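Keep in mind that what you see is a predicted model, and the values were worked out from it rather than measured. FYI, side chains are in, hydrogens and waters are out, and symmetry mates aren't considered; it's all heavy atoms of this structure. Naming: A, B, ... by sequence-line order, numbering from 1 per chain.
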There are 2 protein chains.
Amino acid sequence: MKQKNIRKLTIKDVAEIAKVSKGTVSRVLNKKPGVGDKTRKTIETIIKKLNYSPNLIAQNLASKKTGNIGVIIPHQAEYYLSNPYWPVLLSVITKAAATVGYTILLSTALKEGDIDSAYEFIIKGKRVDGIIAGSELLGEKQLSILYHYNVPFVLIGKSPFVNEYYVDIENRRAMEVLTTHLAVQGFRRILFICGPETFPSVKERVSGFYDALEKASGSTGIVCHTSYDKPEVKEIIQNQKENGFLPDALVVGASDLVLCTLMILRELNMNIPGDIGFASFDTLHMYEYFKPRITAIKQPIKELTKSAFEMLFALIAGKHLIKKSKILPCTLEIGESCREKEIRTIEIETKT
Amino acid sequence: MKQKNIRKLTIKDVAEIAKVSKGTVSRVLNKKPGVGDKTRKTIETIIKKLNYSPNLIAQNLASKKTGNIGVIIPHQAEYYLSNPYWPVLLSVITKAAATVGYTILLSTALKEGDIDSAYEFIIKGKRVDGIIAGSELLGEKQLSILYHYNVPFVLIGKSPFVNEYYVDIENRRAMEVLTTHLAVQGFRRILFICGPETFPSVKERVSGFYDALEKASGSTGIVCHTSYDKPEVKEIIQNQKENGFLPDALVVGASDLVLCTLMILRELNMNIPGDIGFASFDTLHMYEYFKPRITAIKQPIKELTKSAFEMLFALIAGKHLIKKSKILPCTLEIGESCREKEIRTIEIETKT
DNA sequence: ATGAAAGCGCTAACAC
DNA sequence: GTGTTAGCGCTTTCAT
């Protein structure tokens with residue numbers, strides 16, 4: 001079975017066997033017109049019989065297309081794999097890309113914060129025809145790299161530096177709806193634990209939080225930013241406790257903080273929702289196994305990703321896009337963790 | 001800031017500016033000898049000033065090396081991302097590869113079971129210098145593809161069809177130790193829910209399971225194979241229950257079945273470890289938040305991956321390997337889910 | 001130490 | 001409809 005040193009077949013071999021020129025073989029390879037039916041058939045048969053497949057590298061070099069699209073995840077693997085957002089994005093985009101003959105080249109931060117390497121890796125040496133990147137750590141420097149290399153890109157999430165070619169959710173609106181729900185449920189002192197205030201998404205969510213509280217008289221809120229660092233959550237909650245300042249509801253704004261927060265609450269002997277209400281921005285797969293079921297905002301990650309890919313695909317094809325961005329609505333998944341009896345899902349209408 | 005249509009720099013541009021030949025520039029690019037110190041400096045300066053980086057595609061074509069190593073995960077993304085094994089492997093290998101200038105090209109089944117596409121995708125068009133592949137679905141067909149294209153590869157997990165170049169854990173031994181632990185803890189009727197019996201790892205574990213039971217007089221066991229399908233677990237447990245046949249301990253042999261199994265137990269109002277003992281082969285990150293802490297076998301995924309990469313790296317370099325496989329030991333993480341009081345970790349010594 | 005030139009395997013423009 | 005030819009941007013002999 002073991003076959004060593006088969007000199008790899010080239011288009012030239014196929015051409016010689018078929019007694020045609022390389023050009024003709026190339027045409028049938030790429031399903032291009034200009035080949036007689038019979039010739040085409042013959043060549044196809046030979047290709048199949050030989051089990052020949054063209055050298056992609058050579059194709060890339062000659063055609064100046066790579067068939068790769070780069071996905072830049074601005075986090076290190078340990079981190080981004082621990083929450084559901086990026087894995088879902090990855091799997092959706094891989095499939096979407098495959099159906100149109102594209103391949104995903106993934107680039108991530110090798111260590112958290114080292115986002116430059118991710119950009120350089122994928123852009124230098126031009127191995128991709130276009131890029132999809134998470135916007136949360138996109139700074140002017142990264143942007144200038146993108147522009148410098150003149151590669152089409154679409155961002156996941158808006159960025160203060162870019163106003164075209166991105167997809168996003170209505171962070172502000174979603175957080176407003178969630179907060180209002182908490183207020184309606186009777187929670188009066190809501191603690192919102194969220195990510196770094198430099199992230200646009202976090203800013204919007206905080207703004208939605210305050211907007212809701214303003215409208216809902218009677219409830220007040222506190223915002224605590226974390227760098228997605230677990231010990232911090234513990235400190236925050238303990239600080240609040242020591243000050244006799246304990247909130248009656250908690251909103252966790254990053255799904256990877258949910259589990260440790262729940263554990264901390266258990267250590268503090270606080271029951272959900274009896275002693276404290278609990279909700280999160282973003283869901284976890286395992287929520288379906290939780291009791292009480294956690295109330296949460298669910299992002300349309302799949303749709304977001306599909307939209308991003310479609311935009312990029314059009315950009316690569318050189319099409320002019322009328323809609324340079326796309327904003328998708330979230331849903332509010334109501335569980336029992338905020339004293340609701342009935343589990344249900346509410347579509348949050350898009351901002352008018 | 002937006003710069004359009006910068007014709008991309010080529011090695012020729014650099015050569016002209018430096019007033020040397022392309023060959024010389026190529027030599028400094030690849031840090032090869034045969035260039036005068038001064039010339040080298042000059043060229044390096046120019047490269048930096050121009051922010052030039054060579055076209056990888058062209059480099060690949062000319063040098064017949066890709067700098068990519070292919071990772072074949074024989075599952076679809078939804079599946080492999082839901083348990084910790086593959087993500088960890090992925091992140092470890094990406095880093096290991098990066099430190100020696102290699103890049104990972106990931107290929108997965110587009111739909112569960114469609115493993116051929118994964119193989120063809122990565123091998124055809126020769127985009128990789130070597131391959132690391134999960135062995136559990138490797139059949140003769142895939143193997144013949146591997147050999148046909150004459151690409152070096154290392155398997156994660158042994159395969160009945162291959163006896164060289166793989167890394168693995170001692171599945172049999174680990175399961176034996178876990179089962180013995182259960183027997184010692186006084187469990188008498190142990191149900192082992194595991195994956196398809198065609199997987200070599202599953203076979204070994206089942207064998208270890210029975211071996212342990214044989215030695216531990218008094219305890220009996222039942223094995224149920226699943227296709228990693230959630231509803232099945234429910235059926236299995238319900239069947240057992242209807243037959244008045246309920247086990248007093250459960251071992252789940254796939255981490256992605258753990259959560260739903262736990263939920264089912266809760267639905268049945270069975271407490272761990274009071275009503276039923278519970279253990280799993282493979283751990284989950286979230287175990288650290290669980291109470292009772294789940295007893296489990298922990299695989300050395302990181303070390304496994306590193307070993308696999310090192311082997312492949314050597315193979316690609318054309319080195320002759322003395323050790324054609326590597327077997328690593330697991331650990332038994334004892335929690336409270338099998339009526340142990342004290343949480344601790346036990347290294348399982350490698351088979352002598 | 002450096003340059004010249006011949007490919008790597010393919011595509012694409014232009015002939016016929 | 002098909003063949004011819006000139007590259008794509010680089011590496012790598014082989015001269016010098």
Side-chain angles (χ1 to χ4, degrees), chain A residues 6-44 46-47 50-68 101 123-129 149-150, chain B residues 6-44 46-47 50-68 101 123-129 149-150:
Chain A
I6 347 160
R7 192 181 58 66
K8 187 55 165 97
L9 291 170
T10 71
I11 199 172
K12 198 170 146 236
D13 302 316
V14 178
E16 280 169 4
I17 295 175
K19 301 198 204 325
V20 294
S21 72
K22 294 191 297 175
T24 306
V25 177
S26 173
R27 269 171 284 230
V28 347
L29 237 32
N30 298 291
K31 302 196 198 307
K32 291 200 173 165
V35 185
D37 261 16
K38 207 178 147 194
T39 325
R40 169 163 266 136
K41 280 254 161 58
T42 321
I43 296 177
E44 278 170 350
I46 293 177
I47 288 178
L50 260 40
N51 193 20
Y52 162 77
S53 53
N55 182 319
L56 285 178
I57 308 279
Q59 279 187 319
N60 293 164
L61 184 59
S63 67
K64 298 183 163 269
K65 283 176 197 161
T66 68
N68 294 146
I123 296 183
K124 282 195 180 176
K126 34 166 125 71
R127 299 192 286 191
V128 298
D129 297 338
Y149 285 94
N150 196 28
Chain B
I6 344 158
R7 191 180 61 66
K8 187 52 166 93
L9 290 170
T10 72
I11 200 172
K12 196 168 151 241
D13 301 317
V14 178
E16 280 169 4
I17 295 175
K19 298 199 209 326
V20 293
S21 73
K22 294 191 297 174
T24 307
V25 177
S26 173
R27 261 159 267 187
V28 347
L29 236 32
N30 298 290
K31 302 196 199 308
K32 292 202 171 164
V35 185
D37 260 21
K38 206 178 149 196
T39 327
R40 169 162 267 136
K41 281 254 161 58
T42 322
I43 295 178
E44 279 170 348
I46 292 177
I47 287 177
L50 259 40
N51 192 22
Y52 162 77
S53 52
N55 181 320
L56 286 179
I57 307 279
Q59 278 187 322
N60 293 341
L61 184 60
S63 67
K64 301 187 161 263
K65 283 176 197 159
T66 67
N68 293 147
I123 296 182
K124 283 196 180 176
K126 34 167 121 67
R127 299 191 285 193
V128 298
D129 298 337
Y149 285 94
N150 196 27

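The listed nucleotides are C:dC8, D:dC10, D:dG9; the one nearest the side chain of B:Ile11 is D:dC10. Listed nucleotides D:dC10, C:dC14, C:dT11 differ in distance to B:Ala62; the shortest reach to its side chain belongs to D:dC10. Set against C:dT11, C:dA12, D:dG3, the side chain of A:Ser21 has D:dG3 as its closest nucleotide.
Tested against A:Thr24, the residues A:Thr39, A:Val14, A:Leu29 include a single side-chain contact (heavy atoms from CB on, under 4.5 Å) partner, A:Thr39. Partner of B:Tyr52 under the side-chain contact (heavy atoms from CB on, under 4.5 Å) criterion, out of B:Ile11, B:Asp13, B:Ile46: B:Ile11 alone.
Between B:Lys32 and D:dT12 there is a side-chain polar atom (N or O) within less than 4.0 angstrom of OP1 or OP2. Side-chain nitrogen and oxygen atoms of B:Thr24 include at least one within less than 4.0 Å of the OP1 or OP2 phosphate oxygen of C:dG3. For C:dG9, neither phosphate oxygen OP1 nor OP2 lies less than 4.0 angstrom from any side-chain nitrogen or oxygen of A:Thr10. Within the 4.0 Å cut-off from OP1 or OP2 of D:dG9, not a single side-chain nitrogen or oxygen of B:Tyr52 is found.
One can place CD1 of B:Ile57 at 11 Å from C1' of D:dG9, the figure rounded to the nearest angstrom. Atom CD1 in B:Ile43 sits roughly 12 Å away from atom C1' in C:dG3 (whole-Å rounding). Regarding A:Leu61, its CG atom lies at a distance of 13 Å from the C1' atom of C:dA12, rounded to whole Å. Atom NZ of A:Lys31 is separated from atom P of D:dG1 by 18 Å (rounded to the nearest Å). Distance CD (A:Glu16) to P (C:dG9): 13 Å, rounded to an integer number of Å. In this structure, A:Asn60 places its CG atom 16 Å from C1' of D:dG7, rounding to the nearest Å. Rounded to whole angstrom, the span from the NZ atom of B:Lys124 across to the P atom of C:dC10 amounts to 13 Å. Taking atom CG of residue B:Leu9 and atom C1' of nucleotide D:dC10, one finds them 14 Å apart after rounding to whole Å.
Nucleic acid contact for A:Lys19: sugar-phosphate only, since backbone atoms but no base atoms lie under 4.0 Å from a heavy atom of the residue. Backbone-only engagement by A:Gly36 is indicated by non-hydrogen atom pairs under 4.0 Å involving sugar-phosphate atoms exclusively. In this structure, A:Gly23 reaches the bases: a heavy-atom distance under 4.0 Å links it to at least one base atom across the strands shown. When heavy atoms are screened at a 4.0 angstrom cut-off, A:Lys65 is found touching no nucleic acid atom at all. Note on B:Lys38: nothing from the nucleic acid sits closer than 4.0 angstrom, heavy atoms only.
In terms of modelled atom types and a separation under 3.5 Å, the side chain of A:Thr66 and the main chain of A:Asn60 share no donor-acceptor contact. Of the possible polar contacts, none joining the A:Asn30 side chain to the A:Lys32 backbone as a donor-acceptor pair under 3.5 Å is found.
A donor and an acceptor atom never sit less than 3.5 Å apart when one is taken from the side chain of A:Arg40 and the other from the base of D:dG1.
Taking the nucleotide of DNA chain C with the nearest heavy atom to each of B:Thr39 and A:Asn55, the more 5' of the two is matched to B:Thr39.
Here the straight-line distance linking atom OG1 of A:Thr42 with atom NZ of A:Lys19 works out to 11.5 Å at 0.5 Å rounding. How far CD of B:Gln59 is from NZ of B:Lys64: 15.5 Å, rounded to the nearest 0.5 Å.
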